[in-house]
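The structure under discussion appears below in the form of structure tokens.
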Amino acid sequence: QVQLVESGGALVQAGDSLRLSCLASGRPICLSSMQWYRQAPGMKRDLVAAIVRGGTIYYGDSVKGRFTISRDNDKNMVFLQMFGLEPEDTAVYYCNAPTCGDYWGKGTLVTVSS
């Protein structure tokens with residue numbers, strides 16, 4: 001079972017930037033793909049971005065051009081650099097390693113005020 005710990009969430013103003021981090025503990029073989037999801041109150045959990053080790057990067061339409069996903073394979077970490085934050089970005093952000101199974105951390109809260 002993989003353990004995921006997200007951090008970096010904060011209360012910020014519209015237009016600000018923020019960098020989220022996720023530390024994953026588990027077998028490296030199951031960390032080939034790492035993802036960021038977010039969930040706003042009353043809403044379903046949506047995929048924000050994904051990155052495969054040495055491969056494909058995906059961004060959701062609502063964040064494309066504003067968010068950048070990256071990873072540090074030596075540290076088993078994935079990052080989400082967010083620019084131009086908007087109130088609509090307010091959510092709890094979670095990371096996930098789908099190859100490891102359906103396991104989730106506690107998330108980190110990002111609140112963007114207008």
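Below, each value reflects all heavy atoms present in this structure, side chains not excepted, and no hydrogens, waters or symmetry copies.
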- Thr68 side chain reached by Leu80 side chain, heavy atoms, under 4.5 Å: no

- Query: CG of Leu23 to CG of Leu4: how many Å apart, nearest 0.5 Å?
  - Reply: 8.5 Å

- Query: Does the Ser113 side chain pair with the main chain of Val12, one donor and one acceptor, at a distance under 3.5 Å?
  - Reply: yes

- So OG of Ser21 and CG of Asp72: to nearest 0.5 Å the spacing works out to 10.0 Å

- Mind checking the OG1-CG spacing from Thr111 to Asp89? Nearest 0.5 Å is all I need. 11.0 Å

- Task: Decide if the gap between the ring center of Trp36 and the ring center of Phe79 is smaller than 6.0 angstrom.
- Result: no

- Item | Minimum heavy-atom distance between Tyr59 and Ala49, given as atom pair plus value | CD2-CB, 3.7 Å

- For the side chain of Ser17 and the backbone of Phe83, is there at least one donor-acceptor N/O pair under 3.5 Å apart? no

- Note on the structure: Note: Ser62 and Arg66 closest approach over all heavy atoms is O-NH2, 2.9 Å

- Query: For Gln39, does the CD atom sit with more than 12 other heavy atoms under 6.0 Å from it, leaving out its own atoms?
  - Reply: yes

- Query: Quick one: are Ser7 and Leu20 in side-chain contact, heavy atoms under 4.5 Å?
  - Reply: no

- What are the two closest non-hydrogen atoms of Cys30 and Ala97, and how far apart are they? O-CB, 3.9 Å

- Note on the structure: On a heavy-atom basis, the closest approach of Leu109 and Ala91 is CD1-O, 3.6 Å

- Message: Quick one: does any side-chain atom of Asn96 pair with a main-chain N or O of Tyr103 as donor and acceptor, under 3.5 Å?
- Response: yes

- Query: Side chains of Val110 and Met82: closer than 4.5 Å at any heavy-atom pair?
  - Reply: yes

- Message: For Gln3, is the CD atom crowded, meaning more than 12 foreign heavy atoms sit under 6.0 Å from it?
- Response: no

- Task: Flag yes if Val48 and Trp104 sit in one hydrophobic cluster, no otherwise; membership is Ile, Leu, Val, Met, Phe, Trp, Tyr, and two members link when side-chain heavy atoms are under 4.5 Å apart.
- Result: no

- Task: Write down the atom of Val92, the atom of Lys106, and the distance for their closest heavy-atom approach.
- Result: CG1-O, 4.1 Å

- Tell me whether Leu47 is reachable from Val2 by hopping between hydrophobic residues (I, L, V, M, F, W, Y) whose side-chain heavy atoms are closer than 4.5 Å. no

- Backbone N or O of Ile51 within a donor-acceptor pair of the Arg71 side chain at under 3.5 Å? yes

- Smallest heavy-atom separation, Thr99 atom then Ser32 atom, equals OG1-OG, 3.6 Å

- Can you check whether Val112's main-chain N or O pairs, donor with acceptor, with Thr90's side chain at less than 3.5 Å? yes

- Item | Test item: Glu6 side-chain N/O and Cys95 main-chain N/O as donor-acceptor pair under 3.5 Å | yes

- Separation between CG of Asp16 and CD of Glu86, rounded to the nearest 0.5 Å: 12.5 Å

- Item | Residues Tyr93, Arg38; criterion side-chain hydrogen bond (donor to acceptor under 3.5 Å, both in side chains); working and verdict | CA-CA 4 Å; Tyr93 284 71; Arg38 68 185 182 186; 2.9 Å; yes

- Task: Is it possible for you to say whether Tyr37 and Val78 belong to one hydrophobic cluster, with membership spreading through side-chain heavy-atom contacts below 4.5 Å?
- Result: no

- Just wondering, do Phe67 and Leu85 contact through their side chains at under 4.5 Å, heavy atoms? yes

